S.K.: 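Below you'll find the structure I mean.
What you see is a predicted model; the values in this text were computed from it and never measured. Note on naming: letters A, B, ... go to the chains in the order of the sequence lines (proteins, then strands), and numbering restarts at 1 for each one. Computed over heavy atoms, backbone and side chain alike; hydrogens, waters and symmetry mates excluded.
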Number of protein chains: 2
Amino acid sequence: MPKEKVLPRTRDREAKERALIESAKNVLAEVGFQGFGVNAVARAAACDKQLIYRYFGGIEGLVEAIGAELGLRLRDRLAPLAAMGKPARYSDLVQRMALGLLQALRDDALLRRIAAWEVSDGSPLVASLTLARSKGMTQWMMETRGDLKPPPGVDAPGANAFIIAAVQHLVLAGSAAGAFAGMALRDEKDWERVRTLIKSMVAAVYDAPKPAQ
Amino acid sequence: MPKEKVLPRTRDREAKERALIESAKNVLAEVGFQGFGVNAVARAAACDKQLIYRYFGGIEGLVEAIGAELGLRLRDRLAPLAAMGKPARYSDLVQRMALGLLQALRDDALLRRIAAWEVSDGSPLVASLTLARSKGMTQWMMETRGDLKPPPGVDAPGANAFIIAAVQHLVLAGSAAGAFAGMALRDEKDWERVRTLIKSMVAAVYDAPKPAQ
DNA sequence: TTGGTAAGTCTCCGTGTGGTGACATATGCT
DNA sequence: AGCATATGTCACCACACGGAGACTTACCAA
């Protein structure tokens, strides 16, 4: 019996790496990108910050590692939407995406922090996250779109970006201030209002003559 | 001749105060809310940080002083829009407001930084800024609205908040990353696209049957 | 003139940050 | 076995931060 320890293969590098990534996500989700740094992450992971430099080459590498997992995270969040079956019209697709994004952001503090980070900081640190997030987003769109085509005469990518921007901003403002432009964004009924807002906006843009409401 | 110094009346407290406020705005506009603090502001104002504590009671007071000037700043930015005469329809009003806000945010780094701050930080420090900004905004709306009424069956405050949120987010993302959701936001033609997007969104929501485009 | 008070400047402190080097220990390979 | 390497931990550095205290200087009213 050489030791009673089972077998810390390679002395647990993988475990430490995962712990660091997980702690980094937690720190980012809980305190935001301010106060996010090697010290805070190492403290949360209960290991030395030196490992961050050794394993990830610094905080940038850690952020990139988070970005790499971000695509999967988005897919998981948006998966239930895809399971609802193929949308009938293009507007259904967009509506579903917007509502799904709304819920995903509301449920996931990490996604919210990253979204806030993206608009607050142009540093290259964030670029990888932005890339990963938008890639996961468009990929999901592509997959669930099927052969649906947007109605002619509408700048669909632009309109979608517009809607996504609005949803994102409303969630962020609601999370930070509980209101935006005089509109309360606190309890579930406030968000129900946002949902109907989304539906009517999407319908107004894509279903040319207003549908029976 | 007691001294060659002219006459620093009251030894220039007012001047220092204004210098501090001005420097605070500059620092905030240039480096953003990260790196915004007593040291940076005092350094920019070329005076001792102690004065910040003495005159404003700390950085919070300084931020509140900025907030107090924010209403005027917004009015100035939005004034040219009001000079265009009364809008004919409610949708014209909203369109004008959205386009004006787009331009104001694009031109004014300070407004952008504050907007980014609002969605990134729920601390009470920002609350005064948020309040001042939204107050100036709604006030301008009230004034230029006149007796125009939104079409029935539309949640006008909600739709407006939605549109404002989208505009704000697009400008912030463009300023930080140069793109959003696959849509480039760099040169003037990109923003022209956003402008037509705004117009068509507003028209779709408020001018029920789609107008000839 | 004198004294009180405000203005302005200086130093100093404790803390937290990102980052580096040194050192001991464990592991796998030959 | 022995050795090189990977691993984990510690101390340390320079720097910036927010903040307080002490000090000199100017003003203004008795």
Side-chain angles (χ1 to χ4, degrees), chain A residues 1-24 26-28 30-66 117 121 123-126, chain B residues 1-24 26-28 30-66 117 121 123-126:
Chain A
M1 58 176 101
K3 271 287 176 69
E4 50 187 323
K5 260 207 174 163
V6 270
L7 59 149
R9 269 181 83 93
T10 84
R11 209 130 93 294
D12 254 3
R13 167 163 183 166
E14 282 188 33
K16 293 271 180 186
E17 281 186 0
R18 300 212 56 149
L20 279 171
I21 294 180
E22 221 58 35
S23 297
N26 287 339
V27 169
L28 191 50
E30 279 157 27
V31 314
F33 59 92
Q34 313 186 66
F36 176 79
V38 280
N39 289 301
V41 171
R43 208 178 305 132
C47 68
D48 200 277
K49 60 179 170 183
Q50 179 72 15
L51 301 186
I52 295 178
Y53 294 101
R54 269 218 268 273
Y55 296 159
F56 301 94
I59 205 69
E60 308 86 11
L62 201 41
V63 171
E64 282 172 20
I66 293 179
W117 202 359
D121 189 357
S123 75
L125 226 186
V126 180
Chain B
M1 60 177 100
K3 270 288 180 62
E4 49 188 325
K5 259 212 176 160
V6 270
L7 60 149
R9 265 183 86 90
T10 83
R11 209 113 115 284
D12 253 5
R13 166 161 183 166
E14 283 189 33
K16 292 274 181 184
E17 280 186 0
R18 301 209 56 146
L20 279 172
I21 294 179
E22 221 56 37
S23 297
N26 286 340
V27 169
L28 190 51
E30 279 157 26
V31 316
F33 57 92
Q34 313 186 65
F36 176 78
V38 280
N39 289 303
V41 171
R43 208 178 305 132
C47 69
D48 200 277
K49 59 180 171 180
Q50 181 69 17
L51 301 186
I52 296 177
Y53 294 102
R54 268 218 267 275
Y55 297 159
F56 301 94
I59 204 69
E60 309 85 12
L62 201 42
V63 170
E64 281 171 21
I66 294 179
W117 203 359
D121 190 356
S123 75
L125 226 186
V126 180

S.K.: With a 4.5 Å cut-off on side-chain heavy atoms, are A:Asn39 and A:Lys49 touching?
M.R.: yes
S.K.: Taking CZ from B:Arg54 and C1' from C:dT5, how many angstroms apart are they, rounded to a whole number?
M.R.: 11 Å
S.K.: With side chain to side chain contact (heavy atoms under 4.5 Å, CB included) as the criterion, how do B:Phe36 and B:Val63 come out once you've worked through the C-alpha distance, each side chain's angles and the decisive distance to 0.1 Å?
M.R.: CA-CA 10 Å; B:Phe36 176 78; B:Val63 170; 3.9 Å; yes
S.K.: For the pair made of CZ in A:Phe36 and C1' in C:dG16, what is the distance, rounded to whole Å?
M.R.: 17 Å
S.K.: What nucleotide among D:dG18, C:dT9, D:dT9 has an atom nearest to a side-chain atom of B:Val38?
M.R.: D:dG18
S.K.: B:Leu51 has an atom CG; how far is it from atom P of D:dG19, in whole Å?
M.R.: 15 Å
S.K.: How many whole angstroms separate atom OH of A:Tyr53 from atom C1' of D:dT7?
M.R.: 18 Å
S.K.: Quick one: is A:Tyr55 getting a side-chain N or O under 4.0 Å of the D:dG8 phosphate, OP1 or OP2?
M.R.: yes
S.K.: Can you tell me the distance, in whole Å, between the CG atom of B:Asn39 and the C1' atom of C:dC13?
M.R.: 14 Å
S.K.: If you find the nucleotide of DNA chain D closest to A:Ala46 and the one closest to B:Gly37, which residue's nucleotide is nearer the 5' end?
M.R.: A:Ala46
S.K.: How many angstroms lie between atom CD1 of A:Ile66 and atom CD of A:Glu22, to the nearest 0.5 angstrom?
M.R.: 9.0 Å
S.K.: For the atom pair CD (A:Glu14) and CD (A:Glu17), what is the distance rounded to the nearest 0.5 Å?
M.R.: 7.0 Å
S.K.: Starting at CD of A:Glu14 and ending at P of D:dG8, how long is that distance when rounded to a whole Å?
M.R.: 11 Å
S.K.: Atom CG of A:Leu20 and atom C1' of D:dT7: how far apart are they, to the nearest Å?
M.R.: 13 Å
S.K.: Quickly work out the A:Gln50 CD to D:dC12 C1' distance and round it to whole Å.
M.R.: 12 Å
S.K.: If you take atom types as modelled and just measure distance, does the side chain of A:Lys49 reach the base of C:dG19 with a donor-acceptor pair under 3.5 Å?
M.R.: yes
S.K.: Just compare D:dT7, D:dG8, D:dC17 and give me whichever is closest to any side-chain atom of A:Lys16.
M.R.: D:dG8
